[in-house]
Amino acid sequence: MPSDQGDGVDARSPKDRHGRSILSNTLLARPETPALLFLILLLAVFSVTTKGFFSVNNFIGILEQGVIIAIVGLAVNQVILSAEIDVSVGSVLAVCAFIYGNLAMMFGGNLLPLFATLAVGTAIGLLNGVLSTYGKVPSIITTLGALFVYRGLILLLAGAQVLNVPKTSRVLGLSDVAGIPVSVLLLVVLAVGFYWVSTNTAWGRNIYAVGGNESGATTLGLPVNRTRLIAFVLSGAACGLAAAGFLGQIGQLQATAGTSFELRVITAVVLGGTSIRGGRGSVFSPIVGALLVGVILNAMTLNRVPGTMELFVLGVLILLSVSSEGIRQRYLEKKI
Amino acid sequence: MTENRSEKAWTGASWGNPFGKLGRTTVLAIIFIFQIILTSVLVPGYFSVWGLLDATRAFVEVGFISLAMTLIIITGGIDLSVGALLALVSVTIGFSYQAGLPLGAASLLGVIVGVAGGTLNGLVTTYFRLHPLVVTLGTFALFRGIAFAVSDADAVSNFPQWFSVFGQYKFGGMVPAQLVVLVICAVIFWLLLSKTPFGRYVYAIGHNATASRFSGVATQKVTVAVYAIMGLMVGLAGLVHTSRIFSARGNAGFGLELVAIAIVVLGGARILGGSGTIWGTVMGLLILSYLQDGLSFAGVRGDIGLTIIGCALILGVFLNENIQKFRK
């Protein structure tokens, strides 16, 4: 079975050529392991220091907050692995949520609004992807432009609108199976799906190749543009899906909804151990990262840290994780 | 023909070759004149010298930032943190004044914070060899976060009357003071970029960073300097902004990075680095700003401005990157 984390780590034999066991190879060398250890540490610290942190209800709350970030993160992770970026997800999520809300208020139900938002999200992702690959516009420009284009449209078209979504259309946000929220189950299914795709399809392998060494991938004849395009499409579709869960959870919507959501997602991805340079990272990075972000934001709320501090904390986390990536790079260069 | 075009820009933009340099800028100037005529015809009462001069007050701040953004984009970099840094500068001025610092000193402190923020971007980018896009995305959240945290969603607006001089004074009741400063800055940036070794290095880094390093250009120092210059211009813009709206709040400068990048790209700078001119940026500034001004004069809601500038940005880069093919 090929590995899912790039960097040439392969777990085909119980012992690799350096004689290390599978445990050290697959668990300790995984990109998301430092974040996972950090997560466990934080859970322990907050459980002791913060009143009300260690309870089933609070953990479910953290999961529910993190799951929206993680669903979009799974797809944005693929974009970042292919050495591109998508900063438009905050506005795309809001567009999809508005469409979901309006359709739910008009027609009710869950499936019709969901398919509509999936279609819209996919279309937006396709447009971002085509411009960023075949259109030769760097993805930061495409998606930064898209971030403002869609936000401007929402402010213009829905600035004064008040959305109250009926409870029956909020299945993805409200209902649960045996106490586990449906959105969490959905995330688990998606994560398994992404893992399978990443380890068993040509596209899943090409993402790492394209992101790790673009000219090498081109020389080998890999479909560089198409590989990245699919990642952008997935990112848009994930926004459509997440919008249903997001709106399902809060039930109401303002035109400013989802502002700085893209920062949460990117923080989750890079904090989870995916290299911002592309080519290195795990499918599970965004999930670990989203839980970390969720735990930190939750502990801040419980400790009565003002909500205005959130951006500051996200900024510090992004800078720390990309700097550690820079240090890792310097260390590797020195070793050679 | 990518190489050829960059070659032309990299020699042409610096040392004459008027056709290579002026081509794009001249076209933009013609577009701008047509735009003003068209707006004046379509929107009755729009055209007046007083009105056009007064409108500059709204975009001088983004003008300062666009000048410095031109240098950054020529080096192949980008700065997404400028809007957030402007808010931080504004909040620094307001809240250090409220805390008892004399307003003159508070203003100076604000500009220093701007320079420090820009230098931080440059240092982190060069030391860790990260792409500035990631670094400035992080500092975007960091600066805005500090601005929000310090101001705690509050605003300071009890400045003394003299403070309005930076953003509201007009020479002869016509020409806004900050417009004069912007014109002086544009000339300085033009001289810096086209008549000094520093300007040559800026083009060289954007053209080929590795080759420049091996040719003895202190690429890291030049890069840090370019981001520090951006910090200075953001500090200046923050001061003018605070004085103009006479209030310091944490949400100032929302979307400013988008507008500045769109202006520079429209002015003809390649987003991948190596080419771009100050006068192109000035034309980009005039076109985009008067477009917004005309729309708001015609009563179009301001929110659509974000959409239009976002489209202009994507379209600008798209044309820059793909027109070269036609030139083959």
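Letters go in sequence order (proteins before strands), and every chain restarts at 1. Computation of the quantities below employed the complete heavy-atom set of this structure, encompassing side-chain atoms and omitting hydrogens, waters and symmetry-equivalent molecules.
- Here A:Lys136 contributes atom NZ and B:Leu319 contributes atom CG; the two are 13.0 Å apart, rounded to the nearest 0.5 Å.
- The minimum heavy-atom distance linking B:Ile271 with A:Pro138 is given by the pair CG2-CG, 3.3 Å.
- Within the 4.5 angstrom heavy-atom criterion, atoms from both the backbone and the side chain of A:Leu156 approach chain B.
- Heavy-atom pairs under 4.5 Å with chain A were tallied for B:Ile309, B:Leu130, B:Val265; the largest tally goes to B:Leu130.
- For a residue to count as touching a neighbouring chain, one of its non-hydrogen atoms must lie under 4.5 Å from one of that chain's; by this rule A:Leu153 touches chain B with backbone and side chain alike.
- Of all heavy-atom pairs between B:Leu142 and A:Leu319, the closest is CD2-CD1, 3.8 Å.
- When each of A:Ile327, A:Val322, A:Leu314, A:Thr142 is checked for heavy-atom pairs under 4.5 Å with chain B, A:Val322 comes out on top.
- Both the backbone and the side chain of B:Tyr127 come within less than 4.5 Å of a heavy atom of chain A.
- Nearest heavy-atom pair across B:Gly145 and A:Leu311 is CA-CB, 3.7 Å.
- A:Phe148 and B:Glu257 get closest at one heavy-atom pair: CZ-OE2, 3.8 Å.
- Applying a 4.5 Å heavy-atom cutoff, the residues of residues 84-93 of chain A that approach chain B are A:Ile85, A:Val87.
- Proximity to chain B is limited to the side chain of A:Ile318, based on heavy atoms less than 4.5 angstrom apart.
- Environment of CD in B:Gln98: crowded, with over 12 heavy atoms of neighbouring residues, nucleotides or ligands closer than 6.0 Å.
- Of the atoms belonging to A:Ile140, it is side-chain heavy atoms, and not backbone ones, that fall under 4.5 Å from chain B.
- Residue-level contacts of residues 263-271 of chain A with chain B, in order of numbering, are A:Leu263, A:Ile266; threshold 4.5 Å between heavy atoms.
- Here CD1 of B:Ile314 is found 7.5 Å from CG of A:Leu127. Values are rounded to the nearest 0.5 Å.
- Neither the backbone nor the side chain of B:Ile308 comes within less than 4.5 Å of any heavy atom in chain A.
- The CD1 atom of B:Ile78 sits 4.0 Å away from atom CD1 of A:Ile141, with the distance rounded to the nearest 0.5 Å.
- For B:Leu306 against A:Gly152, the heavy-atom pair with the smallest separation is CB-CA, 4.1 Å.
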| request: Check the pair B:Leu313 / A:Val149 against side chain to side chain contact (heavy atoms under 4.5 Å, CB included), numbers first and verdict last. | output: CA-CA 10 Å; B:Leu313 172 64; A:Val149 168; over 6 Å; no
